Amino acid sequence: MPSQIVSLVVNGEPREFIARPGVTLLAVLREALGLTAAKRGCAQGSCGTCTVLVDDRPAPACLIAVETVADCSVRTLEGVAVGGNLDEVQSSFVDNFATQCGFCTAGMIMVAEALLDRDPDPSEEDVAEAISGNVCRCTGYRPIMIAILDAARRRRGESVEGIEGTAPARPAEEAVSR
Ligand code: FES
Ligand code: FES
């Protein structure tokens, strides 16, 4: 089958490229578009480190033939921060030490974004269920769960001071320079 022109909306921008049939969304994002936040881990749909949002739903980019999502909206970690400012989920991951080696972090954050977009007040069980397809070898998952619950409170405009297991939000520049 010949290569074909495929269109996607990536992080709000229309993108068009030539793709061989069967080439994965992950390969297109990383190699054609230079968006390398989504990582190639297992390449079998098991680890979640390649997770992006396709039409607002978490999806394993390593398993998706790009022509099957033509004209869809794709959101990656690169599209989360706005104007150089970390969003609530990103800043909460920093403040709650929810990332160590960082290999799982992009996937975890995209799963969290989707969860909080559909449920602004998730329970601990909801968070555990949401990240159940994402593997982290470093953190033991607890800091990630705390960070996502903390991010939910930040999005709801609730103070995080005095809540056990949370850290106060810090400006993005300070957060990233630490
Ligand atoms: S790299 Fe896609 S699920 Fe592991
Ligand atoms: S922080 Fe290392 S795999 Fe999650």
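Counting convention: from 1, in listed order, for ligands and their atoms alike. Please read all numbers here as calculations on a predicted model, not as lab measurements.
Annotation: protein N, O or S atoms under 2.8 Å of atom 4 (Fe) of ligand 1 (waters excluded) comprise C42 SG, C47 SG.
Listed by atom number, the atoms of ligand 2 under 4.0 Å from R137 heavy atoms are 3 (S). Which parts of ligand 2 touch G102 is read off a 4.0 Å heavy-atom cut-off, strictly below it: atoms 1 (S), 2 (Fe).
Side-chain contact annotation: T76 with E78, donor-acceptor N/O pair under 3.5 Å present.
Coordination check, C138 versus atom 4 (Fe) of ligand 2: failed, since every N/O/S atom of the residue sits at 2.8 Å or beyond. Residue contacts to atom 4 (Fe) of ligand 2: C101 brings no N, O or S atom closer than 2.8 Å.
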Can I get a per-line list of side-chain donor-acceptor pairs under 3.5 Å for residues 111-121, giving both atom names and the distance, sequence neighbours left out?
from: E113; atom 1: OE1; to: R155; atom 2: NH2; distance (Å): 2.6
from: D117; atom 1: OD1; to: R155; atom 2: NH1; distance (Å): 3.2
from: D119; atom 1: OD1; to: D121; atom 2: N; distance (Å): 3.0
from: D121; atom 1: OD1; to: R156; atom 2: NH1; distance (Å): 3.1

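The OG1 atom of T49 lies 12.5 Å from the CE atom of M110; values are rounded to the nearest 0.5 Å. Here the CG atom belonging to N134 is positioned 5.0 Å from the CE atom belonging to M108, to the nearest 0.5 angstrom.
Applying the 6.0 Å contact sphere to CG of L63 captures more than 12 heavy atoms from other residues, nucleotides or ligands. Within 6.0 Å of CD in E129 there are 12 or fewer heavy atoms belonging to other residues, nucleotides or ligands.
Given atom 1 (S) of ligand 2, the protein heavy atom at minimum distance is Q100 N, 3.3 Å.
At a threshold of 4.0 Å, the pair E67-R20 does not count as salt-bridged, since none of the basic side-chain nitrogens sits closer than that to a carboxylate oxygen.
One hydrophobic cluster holds both F93 and V135 under the rule that ILVMFWY side chains link at heavy-atom gaps under 4.5 Å.
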